[in-house]
Protein chains: 2
Amino acid sequence: MRYHRIPDESVRRLPLYLRALLFATHDRESISSGALADVVGVNSWQIRKDFSYFGELGTRGVGYNIEKLKKHIRKILKLDVLHKAVLVGAGKLGSAVLLHRGFSVYGFDITAVFDNDPKKIGRKLGDTVIQSVSSLHTLKRRNIDVGIIAVPGDVAQQTVDALVKTGVKGILNFSPSYISVPKKVKVLTIDIAMDLARLPYYMPRNHGAG
Amino acid sequence: MRYHRIPDESVRRLPLYLRALLFATHDRESISSGALADVVGVNSWQIRKDFSYFGELGTRGVGYNIEKLKKHIRKILKLDVLHKAVLVGAGKLGSAVLLHRGFSVYGFDITAVFDNDPKKIGRKLGDTVIQSVSSLHTLKRRNIDVGIIAVPGDVAQQTVDALVKTGVKGILNFSPSYISVPKKVKVLTIDIAMDLARLPYYMPRNHGAG
DNA sequence: CAGTGTGAACAGTTTCACAGCA
DNA sequence: TGCTGTGAAACTGTTCACACTG
């Protein structure tokens, strides 16, 4: 089956595997699909299938070499190069995201922060001075890949439009609204409230099915 | 096709529809699948299919009555009753989540906050006094549905175990680790860094396919 | 006649069972 | 012997075209 297109659902699981490989303490050089399965909560055959999409990577009877596997997943996900990101929106959620520490391990560097509140502009958030959103255009030619937006829903679209003009190719959207972008730009939306809203469906009401 | 099991992917989209119906300004009583499609970024036939799973709801030639639709989606998602939630972990992310305002519209009320940092215990976060995680057990019989955890990965499992003992039926997990729970408890995990890690895969490297 | 509802074709994903190899 | 790699089957979800109806 060598060199197949990788299904989106497999791509969704790759960061999960990578996270486990990065953070688990490994006394061994190799890990089997079964052992990895226990750590990530995915079936072993699903893991093997996922890995099989990028060629024969494991050793029969042994498992997968951990370093090789990390390297391979990073390459597939294009995390083998540094990605520069900017944050727009220095409110509670934006601040939490910026200070989150945990992006760097995947090769992301948040190099600038923007807000439209005059009281915040010039103040520091972590090591970064907050700039006015009106100076977003200065980002052109600074090789920024990724925009992270954490602004109110009603200004999300205009914020994204400005970001797209600076040349970002991907946007992580924490704003609670649908935004439209040119086809060449990829948006991933995380709406915490919406995810929470999906939870009760799966909870038994009193006793009975969900 | 009346009274079919609702596919998980449809359930995933329901909060999206509900969000649009709640926040859009409606001059009309009804909305067509096409108009809703423009607002949420989902095809009109997908929307009609999703709605068809819960019986005939629309009026041919007109569309869907907005109030009726909201009510119906809320009922399906079990958002028609108030859900009491607690937060464990009053760090940056936890605080942002608590102060987020936007859960209440879906019928959630965060009634208590816990942390294990002695410096934080007794201080207020919003209107809520932070309590010690060691007093989590006092929640039993207080009708708490949902636990939200935003603690470091290495204490996530023990935090969840304590929460499960208090009787929560659903957990929203912001900790970057896989947690295991009894079958009767549903976990949804949001790992911001992992989502960000998935973004570059879909971005063109220089020019070319993603 | 505008817009819903849906069977049927199609596409994508997961599961299984087991051959193949270190 | 233990664990990978993978076709094929089973399952799940999406798209389409159009009959139907207020």
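Just so it is clear: chains get the letters A, B, ... in the order the sequence lines come, proteins before strands, and each one is counted from 1. Owing to the predicted nature of the structure, the values given are computational and were not obtained by experimental measurement.
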We want to know whether D50(B) and S10(B) form a side-chain donor-acceptor pair, criterion being a heavy-atom distance below 3.5 angstrom. yes
At under 4.0 Å between heavy atoms, what does F51(A) touch on the DNA or RNA strands: base, sugar-phosphate, or nothing? nothing
For dT14(C), does either OP1 or OP2 sit under 4.0 Å from a side-chain N or O belonging to R13(A)? yes
Want to settle it: does V62(A) or I6(A) sit nearer the 5' end of DNA chain C, counting the closest nucleotide to each? I6(A)
Establish, with yes or no, whether the OP1 or OP2 oxygen of dT14(C) is under 4.0 angstrom from a side-chain nitrogen or oxygen of N43(A). no
Any donor-acceptor pair under 3.5 Å between the side chain of R60(B) and the base of dT21(D)? no
Minimum-distance nucleotide to R48(A) side chain [options: dT13(C), dT6(D), dG5(C)]: dT6(D)
Could you pick out which residue, G61(A) or G34(B), lies toward the 5' side of DNA chain C when each is mapped onto its nearest nucleotide? G34(B)
Just how far, in rounded Å, is P of dT15(C) from CG of D50(A)? 11 Å
Separation of L69(B) atom CG from dT4(C) atom C1', in whole Å? 13 Å
For Q46(A), is there any backbone N or O sitting under 3.5 Å from a side-chain donor or acceptor partner on N43(A)? no
For E56(B) and dA19(D), what is the distance between atoms CD and C1' respectively, to the nearest whole Å? 13 Å
Atom CD of Q46(A) to atom P of dA10(D): distance rounded to whole Å? 18 Å
In whole Å, I'd like the distance from the CH2 atom of W45(A) to the P atom of dG2(D). 19 Å
Parallel, tilted or perpendicular: ring planes of H72(B) versus F54(B), cut at 30 and 60 degrees: parallel
What's the closest nucleotide to the side chain of K49(B) if the choices are dT6(C), dT13(C), dT14(C)? dT6(C)
Please determine whether a side-chain nitrogen or oxygen atom of Y53(B) lies at a distance below 4.0 Å from atom OP1 or OP2 of dT12(D). no
Nearest whole angstrom, please: distance from the C1' of dA2(C) to the OH of Y64(B). 13 Å
Tell me the salt bridge (Lys or Arg N to Asp or Glu O under 4.0 Å) pairs involving residues 92-113 of chain B, sequence neighbours left out? none
Any base atoms under 4.0 Å from G58(B), or only sugar-phosphate, or nothing? Heavy atoms, all strands. sugar-phosphate
Cut-off 3.5 Å, side chains only: do D8(B) and Y201(A) have a donor facing an acceptor? no
Check the distance between dT14(D)'s P and D8(B)'s CG and give it to me in whole angstrom. 11 Å
Compare side-chain N and O positions of S33(B) against OP1 and OP2 of dT4(C) and report whether any pair is under 4.0 Å apart. yes
With a cut-off of less than 4.0 Å, is there a side-chain N or O of T59(B) near OP1 or OP2 of dG22(D)? no
Separation of dA2(C) atom P from L36(B) atom CG, nearest Å, is 20 Å
